[in-house]
There are 2 protein chains.
Amino acid sequence: MSAPSYPEAILISERTIGRLAQYRRILTELVRDNLETVHSHQLALRCGGSAAQVRRDLMVIGAEGSPNKGYKCAKLLASLAEFLTQPGTQKVALVGIGNLGRALLSYSHKQQPGLLIVAAFDIAPDKTNKVIDGCRCFHIDTLESVIKEQNIKVAIIAVPGEAAQLVADRLAIAGVRGIVNFAPAPLHLPPSVFVENIDVTMSLEKVVYFAAKGTQSERNKSA
Amino acid sequence: MSAPSYPEAILISERTIGRLAQYRRILTELVRDNLETVHSHQLALRCGGSAAQVRRDLMVIGAEGSPNKGYKCAKLLASLAEFLTQPGTQKVALVGIGNLGRALLSYSHKQQPGLLIVAAFDIAPDKTNKVIDGCRCFHIDTLESVIKEQNIKVAIIAVPGEAAQLVADRLAIAGVRGIVNFAPAPLHLPPSVFVENIDVTMSLEKVVYFAAKGTQSERNKSA
DNA sequence: CTCACATTGTGAAAGTTTTCACAATTCATT
DNA sequence: AATGAATTGTGAAAACTTTCACAATGTGAG
């Protein structure tokens, strides 16, 4: 029980967690550029939100800034990293080594340190039993065993819509607790598994709509 | 002035438009499968929402279903298509022919009919002046001329974060009115340009967070 | 040291989205 | 024709999110 524990109890909204992850990315850049401190309105500018929102978000992780000087970049980054991530490297599985899957694999390098796609699965034999971008590719038949062996808790689904539910079921049974789903189909899973859907087609259609009609406003919500 | 006009005036939220696009996709399948009618709770199941939500969403396009029989699939699909899309094919430009860009190109085929990536741009000479998945690839220097020539109003940005703002500015000046932005950086553009951000890293981090802590719930928001 | 100023932290207000709940309506059956 | 079961359409309530606004608090100049 040496892990530092937060008050918890209060549950933090998905929206807020998403923005905290953005703040972390921005702070990583600021620290790299040797910035000492940062104001809420500067963070707001960088992420497209409002200063009040930034402060409210940072409240939930108990960050403190000093009036007139703002937040200490290094300290804030450390708090965010500790809050958002588990200690150690977070291992991620990818299912579906198509075009999208390969794009994700090539991203995996640039990702936040501590977040890595360590296993990829596909049903096509010509895509398996090799290493792509440093990630080992397996046949889908071995999904359960590899996931359990490596104790993987997070997965990305990048398979065609028809196959998504089946894959999701297998992942859940194998012990996966969180899924990023690129298939344009809702996954029905026990509530113990967290699912984040990314539906590119839907996003495109939204943009087409608002580009045609008078625009709404450049709202920022990401993903 | 032969185009049918909706009451308009009431402005419809981004969330709602996104869901309407989902309903359209689902209805396309239902019609293909020769389903005659569909109930709100069936649509809800298929898209991961609630029946009440479906009904409220369909209200805004003035759809009518009959009690005890639900909505006529064909009629509802027609209403949705008319509401969501402009007449004619919507041409889309893609900037950035990396892994992600190519994945999007290969999707473009399967997209809703009437939505097509017709031009792709990159800065690397070895990626330009060819045809990939039926889409012509140009050097980024020709961005303005091609976009204007083809009267393209919607674009997808799939370039590294550092280049995104520059590309966005050029797109906006060339006449683009809506952008899907995959770069993990907020775009600052006049409000006449609609921007939808898709931040894969952020989504992954959200999932990592909620997979570790007790899960929230499998909420459906997509994109 | 004191003052003026910029900024944080946060209660309360405003705004937005979702859910509830129920009258109205239609269909199938008797 | 009348009854009952299922479903829509929607006003109102609830839940959630964002913004406002301001007291508290450091900071730096004079």
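Proteins get letters first, then strands, A, B, ... in listed order; numbering begins at 1 in each.
Annotation: proximity of residues 65-78 of chain B to DNA chain D (heavy atom, distance under 4.0 Å) is found for G65(B), S66(B), P67(B), N68(B), G70(B), Y71(B), numbered in ascending order.
Atom-to-atom, CG of D57(A) to P of dT8(C) comes out at 14 Å; the value is rounded to the nearest Å. Distance CE (M59(A)) to C1' (dT18(D)): 13 Å, rounded to an integer number of Å.
Across all non-hydrogen atoms, the minimal contact from S108(A) to L116(A) is OG-CD1, 3.7 Å.
The pair E205(B)-R24(A) counts as a salt bridge, with a side-chain nitrogen and a carboxylate oxygen less than 4.0 angstrom apart.
Side-chain proximity of A52(A) to the nucleotides dC20(D), dT19(C), dG9(C) is greatest for dC20(D). Minimum atom distance to the side chain of H39(B) is reached by dT8(D), of the listed dT8(D), dT18(D), dT10(C).
Remark: side-chain polar atoms of T85(B) are not paired, donor with acceptor, to backbone N or O of E82(B) under 3.5 angstrom. The backbone N or O of A183(B) sits less than 3.5 Å from a side-chain atom of N181(B), completing a donor-acceptor pair.
Looking at R56(A), its side chain comes within 3.5 Å of the base of dT19(D) through a donor and an acceptor atom. Judged by atom type and distance alone, R15(B) does not reach the base of dT16(C) through any side-chain donor-acceptor pair under 3.5 Å.
Judged by the 6.0 Å and 45° rule, K153(B) forms no cation-pi pair with Y209(A).
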